[in-house]
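Please read the structure below before turning to the comments.
Both backbone and side-chain heavy atoms feed into the values below; hydrogens, waters and symmetry mates do not.
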Amino acid sequence: MIFPKYQLVGYVGLPGSPALGPLDKDLDAKAAKLEKLAQAYAGGRTPQPVMELIAVVARGSRGKDGLYRGRLDDAAIERYLTVARKHKMLLLLDIQPGRAKILPEVKRLERWLKEPDVGLAFDPEWAVGPGQVPGRVFGHTTGAELDSIAAYLSGLVTANDLPEKVFVFHQLSARIVSNEKALKPHPGVVTIKSVDGIGAREDKLKTWAKLTTGLSPAVHAGFKLFYTEDTRHGPLMTPPQVLALKPRPELVIYE
């Protein structure tokens, strides 16, 4: 069981894109830094570092298929998984689908999701409708859509006799997820809402309170810190400040 034994602490990134998080290059050096950072979050639990790789990235241009997203090739995913395994980390494959439907994008990664140490993250801020362009409008998802992803992952876990699989959905504001109550528990899947509020500490705390009040028993709480955007408004929150949040963030991600 992942919780309550482990405290997850992660870095996010995309090869060659430093603006999207620390995992852009020098993966072994970044992994060593992450291991050290994770220790600061132990708080009575076993720290478990996580690498969140943006495997599908939203784009501002149509692309060949008109779906406003790019996909990493298998060789890049393999490189990240090799480093994650060397450092005994979990790998999360993050999807920013653009105009593509989320479930087909998830299923396309099935060969990786069948691995015991690979989980999934979904960033619905970047899931837009027909005629919309990622980055110009906020995307959106529903509890039912999130539930369909969790159900699919649960099926993979059962069929392949896998350990518990982590499923993270990112949420920046209340309007990005509607009818969250439709998201139910699924055997073998640990679902985490990562609250991605940006800005000064007091603003992040307001977003946290809004998005975690009345959290479903099926969902664990996660918290995201932004090295660039947050520090424009003051110092980055410290591990003790993050761990003091209620409920306790069981996943902390740095971008």
>> Checking D196 against I253 for the side-chain contact (heavy atoms from CB on, under 4.5 Å) test, could you report, in this order, the C-alpha distance in whole Å, the side-chain angles of both residues, the deciding distance, and whether it holds?
In response: CA-CA 9 Å; D196 288 9; I253 299 179; over 6 Å; no

[Y] and [X], any side-chain heavy atoms less than 4.5 Å apart:
{"X": "V128", "Y": "Y68", "answer": "no"}
{"X": "L211", "Y": "K193", "answer": "yes"}
{"X": "L103", "Y": "S148", "answer": "yes"}
{"X": "Y41", "Y": "L8", "answer": "no"}
{"X": "F122", "Y": "I149", "answer": "yes"}
{"X": "R45", "Y": "Y6", "answer": "no"}
{"X": "E125", "Y": "I176", "answer": "yes"}
{"X": "T82", "Y": "R79", "answer": "no"}

> Going by distance alone, is a donor N or O of one side chain under 3.5 Å from an acceptor N or O of the other, for Q96 and R59?
Replying inline: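 There is no such pair between these side chains.
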
>> Pairing donors with acceptors under 3.5 angstrom, does anything connect the side chains of E52 and H170?
In response: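 Distance-only check passes for E52 and H170.
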
> Do you know which of L92, L72, L23 makes side chain to side chain contact (heavy atoms under 4.5 Å, CB included) with L53?
Replying inline: L72

Mark yes or no for whether [X], through its side chain, and [Y], through its backbone, hold a donor-acceptor pair below 3.5 Å.
{"X": "W208", "Y": "K246", "value": "yes"}
{"X": "S17", "Y": "L20", "value": "no"}
{"X": "N160", "Y": "L156", "value": "yes"}

>> How about CZ on R111, more than 12 heavy atoms from neighbouring residues, nucleotides or ligands closer than 6.0 Å, or not?
In response: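 More than 12 within 6.0 Å, yes.
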
On a heavy-atom basis, which atom in [X] and which in [Y] lie closest, and how many Å separate them?
{"X": "P97", "Y": "R69", "result": "O-CG, 3.3 Å"}
{"X": "P247", "Y": "A221", "result": "CG-CB, 4.0 Å"}
{"X": "L14", "Y": "Y80", "result": "C-OH, 4.0 Å"}
{"X": "E105", "Y": "A100", "result": "OE2-CB, 3.5 Å"}
{"X": "A144", "Y": "A182", "result": "N-CB, 3.6 Å"}
{"X": "A218", "Y": "K184", "result": "CB-C, 3.7 Å"}

> How many angstroms lie between atom CG of L113 and atom CZ of F167, to the nearest 0.5 angstrom?
Replying inline: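 Here the interatomic distance stands at 11.0 Å.
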
>> Nearest 0.5 Å, please: how far is CG in D147 from NE2 in H186?
In response: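 That separation rounds to 3.5 Å.
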
>> side-chain hydrogen bond (donor to acceptor under 3.5 Å, both in side chains), that's the test. Do E110 and Y152 meet it? Break it down for me.
In response: CA-CA 10 Å; E110 183 169 297; Y152 165 75; 2.6 Å; yes

> Are K204 and F223 in a cation-pi contact, defined as NZ or CZ under 6.0 Å from the six-membered ring centre and within 45° of the axis?
Replying inline: yes

>> side-chain contact (heavy atoms from CB on, under 4.5 Å), that's the test. Do K88 and Q48 meet it? Break it down for me.
In response: CA-CA 8 Å; K88 296 186 170 58; Q48 174 59 63; 5.7 Å; no

> Is there a side-chain contact (heavy atoms from CB on, under 4.5 Å) between T191 and F169 once you walk through the steps?
Replying inline: CA-CA 8 Å; T191 301; F169 65 97; 3.9 Å; yes

> side-chain contact (heavy atoms from CB on, under 4.5 Å) with L205: which residues, sequence neighbours excluded?
Replying inline: R201, M237, L245

>> Which label fits H220 and F3: parallel for a plane angle under 30°, tilted from 30 to 60°, or perpendicular past 60°?
In response: tilted

>> If you apply the rule salt bridge (Lys or Arg N to Asp or Glu O under 4.0 Å), what do you find for K165 with E115, and how did you get there?
In response: CA-CA 10 Å; K165 198 160 282 296; E115 297 292 331; over 6 Å; no

>> As a quick check of understanding, evaluate side-chain contact (heavy atoms from CB on, under 4.5 Å) for I192 and V190, giving each step before the final call.
In response: CA-CA 7 Å; I192 305 168; V190 176; 4.2 Å; yes

